[in-house]
Each structure stands twice: as C-alpha cells, then as structure tokens.
Amino acid sequence: MKNVCVLVSGGGSNLQSLIDHVQNGTLAVHLCGVIASRDGVYALERAKQNGIPYQVVARKDFASKEAYNEAMLQAIERTGAEYLVLAGFLSILGETVIHRYANRILNIHPALLPSFGGKGYYGLKVHQAALDYGVKVTGATVHFVDEGTDTGPIVLQESLAIAPEDTAESLQQRVMEIEHRILPRAVSLLVQGRLHVEGRHVSIEEEER
Ligand code: GRF
C-alpha cells in the first residue's frame, strides 16, 4: 500500500474522513504520518487516537524560511511518504518539497477554484466572500499543488446551490460534506495512478467494470 502523509493546521475533519475511508476499506492507502503546522490542534488528537505517527513543524520555531523548509522536508521524509495530502494546511510548502513531490501532492479548497482562492482565502472567509459576491453556486475543489496558492491543476470539483438563508457557517458545513467525499476519492485515484496531468488538465482513467 502507498504511504500517504497528511498535513494539517486545524480540526482535521478531512483527516478524519481519510481515516474513516481507510478503516471502512474504501481507500487503500497507509496513512504514514500527520504533520501539523502548530501544536494543540485537534487534528493531532485524531492522529493520536488512530495510532498515526505525528509531528509538529511550526514556522515560528525557525529563524528563517530556509530552516523551516528544510525541517519540513525532513519531517515529511521521516514518515516515508510517497504522497502528500494538504487537508486544511495553512502554511506554505517550500519549493524543494513541491518539486520532489511534483504531481503527488493534493490540496482541498472549500470553493470552486479559481474563484475565492489564493492568499487570505481560508476558513469562513472563503464562504463569506462567496456570499458577499452573490454567487449562486459554490462547492469544493481538490487540486494538485504547484508553486502558487490554490493554483495547481484541478482534479475533482463538486458544487452546491446557495440558498437565500445560507450563512458563512452553514455554507462551511455543507461544503465540508462535499470535501469529505471528494478528498478520499481523489487520493484513491492518485495512488492508483489513475490521474494523468497534462499542463492544467487532469484526466481520470475510469475503472474497468
Ligand atoms: C477545510 O475547509 C479545507 O477545505 C480548508 O480548510 C478546512 C480544514 O478543515 N483548506 P479540517 O481541518 O479538515 O476540519
């Protein structure tokens, strides 16, 4: 089974969804490690409860960006990762990691990229921005990670219709349900070698029936 390391910064509900899919047999990977960008986040608790090795690599603990990037690379390699999943990870990955794991890093974003993505669009801000703009649909995107923020080739997207009574909080919750479905599916496709990237385009090799 392929080794997948999950990078987190928060509650870790997407991490939990990966764990659940592994446990119910719908995602055939080995979750080899969890790396958090700060201590005390609930995602670490989830790793602990499920016997997944975890580490904390916080930017504030390093004097320079270079030292942080190097520590992050070492932490990732220590897990034996073949693939990386950014599941609510709010730090920036160094270019060495991005290049070493080219086309092997997925990120989940709670909007339909390229809308409401990039620097500053995280958490409730994403959903508030969608409401403020007045869009009628939103959703979630799984994409490959490149050097930009939320700019890599898109793997899966799923949308929902915004209701007049939606708030940022209700949207976050409804979009989360989509995230918990499409992230495990994208990871599964990736580790099976069924995602083919050509420029910005990702084609999905369908399963034989
Ligand atoms: C999710 O909405 C994800 O799309 C975004 O950050 C949030 C993380 O939530 N990048 P969780 O930590 O997985 O619960």
For residues S188 and Q192, determine if any side-chain heavy atom of one lies less than 4.5 Å from a side-chain heavy atom of the other. yes
Roughly how far, to the nearest 0.5 Å, is the CG atom of L171 from the CG atom of D166? 4.0 Å
Between Q23 and N50, do the side chains contain an N or O donor and an N or O acceptor separated by less than 3.5 Å? yes
Given 3.5 Å as the limit, does a donor-acceptor pair link the side chain of R194 with the main chain of E205, or not? yes
L90 with I98, same ILVMFWY side-chain cluster at under 4.5 Å: no
Would E177 and R174 pass as an ion pair if we require N to O under 4.0 Å? no
Minimum heavy-atom distance between H143 and I154, given as atom pair plus value: CB-CA, 4.0 Å
Before you tell me yes or no, could you show the steps for S13 and Y42 under side-chain contact (heavy atoms from CB on, under 4.5 Å), namely the whole-Å CA-CA distance, both residues' side-chain angles and the distance that decides it to 0.1 Å? CA-CA 9 Å; S13 70; Y42 192 66; over 6 Å; no
In short, C5 meets A81 closest at the heavy-atom pair CB-CB, 3.6 Å
What's the verdict on side-chain contact (heavy atoms from CB on, under 4.5 Å) for E70 and L73, showing C-alpha distance, side-chain angles and the deciding distance? CA-CA 5 Å; E70 183 51 34; L73 179 63; 4.3 Å; yes
Say whether I19 and Y83 are linked into one hydrophobic cluster, either directly or through other cluster members, by side-chain heavy-atom distances under 4.5 angstrom. yes
Greater than 12 external heavy atoms within 6.0 Å of H201's NE2: no
Should L124 and E169 count as side-chain neighbours, where that means a heavy-atom distance under 4.5 Å? yes
If we only count heavy atoms from C-beta on, is the V29 to L31 side-chain gap below 4.5 Å? yes
Smallest separation among heavy atoms of L113 and T141, with atom names: N-OG1, 3.1 Å
Should F144 and V202 count as side-chain neighbours, where that means a heavy-atom distance under 4.5 Å? yes
To the nearest 0.5 Å, how far apart are CG in N3 and OG1 in T79? 7.0 Å
Could you check I162 against V137 for side-chain contact (heavy atoms from CB on, under 4.5 Å), going step by step and ending with a plain yes or no? CA-CA 5 Å; I162 296 181; V137 291; 5.8 Å; no
Counting only heavy atoms not in E198, do more than 12 sit closer than 6.0 Å to its CD atom? no
Indicate yes or no: does E158 engage R181 in a salt bridge with an N to O separation below 4.0 Å. yes
Looking at every non-hydrogen atom in both residues, tell me the closest pair between S37 and F89 and how far apart they are. CB-CE1, 3.7 Å
What's the separation between atom CD1 in I52 and atom SG in C32, rounded to the nearest 0.5 Å? 9.0 Å
Atom pair CG (D146) and NE2 (H99), whose distance is rounded to the nearest 0.5 Å: 9.0 Å
Would you find a donor on one side and an acceptor on the other, under 3.5 Å apart, between the side chain of Q55 and the backbone of I35? no
Can you tell me how far the NE2 atom of H30 sits from the CE atom of M1, to the nearest 0.5 Å? 7.5 Å
Would you say the side chain of Y133 lies within less than 4.5 Å of the side chain of S115, judging by non-hydrogen atoms? no
Gap separating the CZ atom of F116 from the CG atom of L131, nearest 0.5 angstrom: 9.0 Å
Would you say the side chain of L93 lies within less than 4.5 Å of the side chain of Y101, judging by non-hydrogen atoms? no
Measure the shortest side-chain to side-chain distance between L18 and V6 over non-hydrogen atoms and say whether it is less than 4.5 angstrom. yes
Over all atoms of both residues, closest heavy-atom pair of G88 and I108: N-CG2, 4.3 Å
Is it true that, when you exclude R185 itself, more than 12 heavy atoms of the residues, nucleotides or ligands shown sit nearer than 6.0 Å to its CZ? no
Please check if L44 and V22 belong to a single hydrophobic cluster, counting links between Ile, Leu, Val, Met, Phe, Trp and Tyr side chain heavy atoms closer than 4.5 Å. yes
In short, L112 meets G139 closest at the heavy-atom pair CG-N, 3.6 Å
Are V175 and L15 connected into the same hydrophobic cluster when the rule is that any two of I, L, V, M, F, W, Y join if their side-chain heavy atoms are below 4.5 Å apart? yes
Check: S17 side chain, H180 main-chain N or O, donor-acceptor pair, under 3.5 Å: yes
With a 4.5 Å cut-off on side-chain heavy atoms, are I92 and R59 touching? no
Are F62 and V56 connected, step by step, through hydrophobic side chains (Ile, Leu, Val, Met, Phe, Trp, Tyr) whose heavy atoms are closer than 4.5 Å? no
Looking at D150 and G118, would you say the former's side chain and the latter's main chain have a donor-acceptor pair under 3.5 Å? yes
Examine distances only and state if a side-chain atom of R104 and a backbone atom of L84 form a donor-acceptor pair shorter than 3.5 Å. no
Donor-acceptor pair between T138 and H127 side chains, under 3.5 angstrom: no
Any chance you could lay out the side-chain contact (heavy atoms from CB on, under 4.5 Å) test for N69 and T96, step after step, and finish with the verdict? CA-CA 8 Å; N69 287 343; T96 318; 5.7 Å; no
Flag yes if more than 12 heavy atoms outside E45 fall under 6.0 Å of its CD atom; otherwise flag no. yes
